[in-house]
Amino acid sequence: MEVANQLLNDGKAYYCYASKEELAEMRDTARAEGRAPGYDGRWRDRDPSEAPAGVDPVIRFKSPNEGSITINDAVQGDVTIQNAQLDDLILLRADRTPTYMLSVIVDDHDMGVTDIIRGDDHLTNAARQLQLYAALGWDAPKMAHIPLIHGPDGAKLSKRHGALGVEAYRDMGYLPEAMRNYLLRLGWSHGDDEIISTEQAIEWFNLENIGKSASRFDFDKLENLNGTYIRNADDAYLTTVIAPYLEEYVGNKLSAEQHLLVKNAMNGLKERAKSVISLAESSQFLIAERPLAMDNKASKLLTADAIQILQRLADRFDTLTEWTKEQIEEVVRVSAEAEDLKLGKIAQPLRAALTGTTVSPGIFDVLEVLGKETSIGRIRDVNIDS
RNA sequence: GUCCCCUUCGUCUAGUGGUUAGGACGCCAGAUUUUCAUUCUGGAAACAGGAGUUCAAUUCUCCUAGGGGAUGCCA
């Protein structure tokens, strides 16, 4: 690369023939003596004519040994590092390819990058890069080094740990907007504000309010945030989001009617979901084939007595000419009275018959959304089963 | 080892030289309720420790401890 050659010509870089073994030895002795570890600069001023035969040299940067360099960081403040602490880094490898340190510098410069925001694990790199910028006579970009995010146990995030890509969080059922809100709040604040939309975040975000300490990833809070975003989300949008899960469940594409069915039930469904996954699961009963499979708790509710009561209820439903929530509720309440039962006693078995589970949106909503035919059909299915 | 950074409830955080140290998640209790949720009310819960500056320190300074990061012919 020309930049490396330019530094070479300016006497700001040099060839180094040190072997891997020598390097390891330098590190060991430096550590033993309590000095800064790293290359000791043995080829810094040596003439290339002394080079050992058959060794492809690397090109090292002749970094200043005296004084110090201070990084004017937008979040860390002024951080000063002694130049002596920084050894002569490699610019070009033995095979003439550039190292990361050289690449970023010239890339950023060529691309006209003005601001660098990255993890604070790059803080010492910043010092080295600043030296390089100075040697090249280039203006250094503004820098901001933000704290790292740790795993739930306080350890550094790793592949084993939860530092997964965004797709992983999507697959766990987190909405992108909830994820953004959570991450934003992790290390940055705007007073006591917690729920911050993406639009609001764009307007408010700044570097000054970024904290300096590392934070832990807390799934409980993420989940809570996810729940509130789901509750506030548009029904049609949520239906689209869970459609793929439902299609996997039924094994084929959702029909227009099924799609509509789910959308119509969404208002009650989203109220109790904390993730896209659980939302999809709680929606399954809507599009399930008759007869419904009962889960354990549901079948326990369907005693012989309960089933008889439900059949009588179904008969009453038959006589309805209008299938509206009000009509349905009226019939159920009247039935309960006629059977001398509390509403709950009839609502739970009914829920079991209609959904196959013990958990669902309000029972009248379920009835209405399912429609007269399906509702009565599912109730009668229960009779036949037993 | 050396260098750099960090430290307010369990977690994410607000905050000020004088506050009952605030909010959120979680937790506990209660209310509402056809299930589960939601919602509402109340509660427990923190300024890491030690010096110093000051009439007064959570807030300013120093030290200690603890945590994190960097120490590659990786990026």
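Chain letters run A, B, ... following the sequence lines, proteins first, then strands; residues in each count from 1. Values below: all heavy atoms of this structure, side chains included; hydrogens, waters and symmetry mates excluded.
Contacts of residues 262-280 of chain A with RNA chain B (heavy atom under 4.0 Å): A:E271, A:R272.
For A:R216, the listed nucleotide lying nearest its side chain is B:C12; candidates were B:U13, B:C73, B:C12. For A:Y100, counting side-chain heavy atoms from C-beta on, the closest listed nucleotide (B:U34, B:A75, B:G23) is B:A75. Picking from B:C25, B:G68, B:U2 the nucleotide with the shortest atom distance to the side chain of A:N224 gives B:C25. Checking B:C73, B:G23, B:U11 against every side-chain atom of A:R185, the shortest atom distance belongs to B:G23. When distances run from any side-chain atom of A:D220 to the nucleotides B:C25, B:A24, B:C73, the shortest one goes to B:C25. With B:U13, B:C5, B:C3 as the candidates, the nucleotide lying closest to the side chain of A:I81 is B:C3. Comparing B:C5, B:C73, B:U13 against the side chain of A:L23 picks out B:C73 as the nearest. Residue A:Q76 has its side chain nearest to B:C5 when only B:G26, B:C5, B:C36 are considered.
A:K300 has no carboxylate O lying under 4.0 Å from a charged side-chain N of A:D295, or vice versa, which leaves the two without a salt bridge. Using a 4.0 Å cut-off between charged side-chain N and carboxylate O, A:K62 and A:D88 make no salt bridge. Between A:K221 and A:E194 a salt bridge is recorded (basic side-chain N to carboxylate O distance below 4.0 Å).
Nucleic acid contact class of A:H122 (heavy atoms, under 4.0 Å, all strands): base. Backbone-only contact: A:S215 has heavy atoms under 4.0 Å from sugar-phosphate atoms and none from a base. Here A:F364 lies in heavy-atom contact (under 4.0 Å) with a base. Contact annotation for A:P147: no contact, since no heavy-atom pair falls under 4.0 Å across all strands. Backbone-only contact: A:V79 has heavy atoms under 4.0 Å from sugar-phosphate atoms and none from a base. Contact annotation for A:L123: backbone-only contact, meaning every heavy-atom pair under 4.0 Å involves sugar-phosphate atoms and none involves a base. Contact annotation for A:G362: base contact, defined as any heavy-atom pair under 4.0 Å involving a base atom. Across all strands, A:L148 comes closer than 4.0 Å only to sugar-phosphate atoms, never to a base (heavy-atom distances). Using a 4.0 Å heavy-atom distance criterion, A:I90 is classed as a base contact. Looking at heavy-atom distances under 4.0 Å, A:G344 makes contact with sugar-phosphate atoms alone, never a base.
For A:K372, the NZ atom is densely surrounded, since the number of other residues' heavy atoms within 6.0 Å is greater than 12.
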Practice item. Produce a footprint string for nucleotides 45-50 of chain B: one letter per nucleotide, 5' end first; B if the base is under 4.0 Å from any protein heavy atom, S if only the sugar-phosphate is, - if neither. Key: ------
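Applying the 4.0 Å criterion to OP1 and OP2 of B:U39, one finds that A:R231 has a side-chain N or O inside that range. Checking the phosphate oxygens (OP1, OP2) of B:C36, no side-chain nitrogen or oxygen of A:S360 falls inside 4.0 Å. OP1 and OP2 of B:U11 both lie 4.0 Å or more from every side-chain N or O belonging to A:K221. Proximity of A:N125 to the phosphate of B:A75: no side-chain N or O atom is located under 4.0 Å from OP1 or OP2. Residue A:R27 places at least one side-chain N or O closer than 4.0 Å to OP1 or OP2 of B:G72.
Judged by distance alone, the side chains of A:R128 and A:Q131 never bring a donor and an acceptor atom under 3.5 Å apart.
When the C1' atom is compared between B:U59 and B:U7, the two are found 14 Å apart, to the nearest whole Å. Distance noted for atom C1' between B:G22 and B:G15: 7 Å (whole Å). Taking atom P in both B:G23 and B:A65, the straight-line distance is 36 Å, to the nearest Å. The separation of B:C5 from B:C63, taken at their P atoms, amounts to 12 Å, rounded to a whole angstrom. To the nearest whole angstrom, the two P atoms, one in B:C36 and one in B:G18, are 49 Å apart. A gap of 22 Å separates the P atoms of B:A44 and B:U39, to the nearest Å. Remark: the separation of the P atoms in B:U13 and B:C4 is 25 Å, to the nearest Å. When the C1' atom is compared between B:G49 and B:C12, the two are found 24 Å apart, to the nearest whole Å.
Nearest-nucleotide positions on RNA chain B place A:K212 closer to the 5' end than the other of A:K212 and A:T99. Summary of the strand contacts: A:D56 and A:R333 both lie near RNA chain B, and taking for each the nucleotide with the nearest heavy atom, the more 5' one is attributed to A:R333.
Per the geometry, OH belonging to A:Y17 stands 15 Å off C1' belonging to B:C73, to the nearest Å. Across the protein-nucleic acid pair, A:I146 atom CD1 and B:G69 atom P stand 15 Å apart, rounded to whole Å. To the nearest angstrom, C1' of B:U34 lies 16 Å from CD of A:E339. Rounded to an integer number of Å, the gap from A:K342 NZ to B:U34 P is 9 Å. Distance, A:F217 CZ to B:U13 P: 13 Å, rounded to whole Å. Between the CG atom of A:N181 and the P atom of B:A24 there is a distance of 15 Å, given to the nearest Å. Rounded to an integer number of Å, the gap from A:I363 CD1 to B:A37 C1' is 15 Å. Here B:U39 presents its C1' atom at 13 Å from CG of A:N232, a figure rounded to the nearest Å.
How far CD of A:Q82 is from CD of A:E66: 10.0 Å, rounded to the nearest 0.5 Å. How far CG of A:L254 is from CD of A:E247: 5.0 Å, rounded to the nearest 0.5 Å.
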Practice item. Take A:T303 and A:D305 through the side chain to side chain donor-acceptor pair (under 3.5 Å) test and state the conclusion after the steps. Key: CA-CA 5 Å; A:T303 60; A:D305 271 2; 5.5 Å; no
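Donor-acceptor pairing under 3.5 Å, judged by distance alone, is present between the side chain of A:D192 and the base of B:G22.
Listed by chain and residue number, A:W323 satisfy the ring pair (Phe, Tyr, Trp, His ring centres under 6.0 Å) test with A:F317 (two or more places apart in sequence, or in another chain). Judged as a ring pair (Phe, Tyr, Trp, His ring centres under 6.0 Å), and not counting sequence neighbours, the contacts of A:Y17 are A:W43. For A:Y182, the ring pair (Phe, Tyr, Trp, His ring centres under 6.0 Å) partners are A:F217, not counting sequence neighbours. Under the ring pair (Phe, Tyr, Trp, His ring centres under 6.0 Å) criterion, A:H122 pairs with no residue, sequence neighbours left out.
Using the six-membered ring where Trp is involved, A:F205 and A:W188 have ring planes that are tilted, between 30° and 60° apart.
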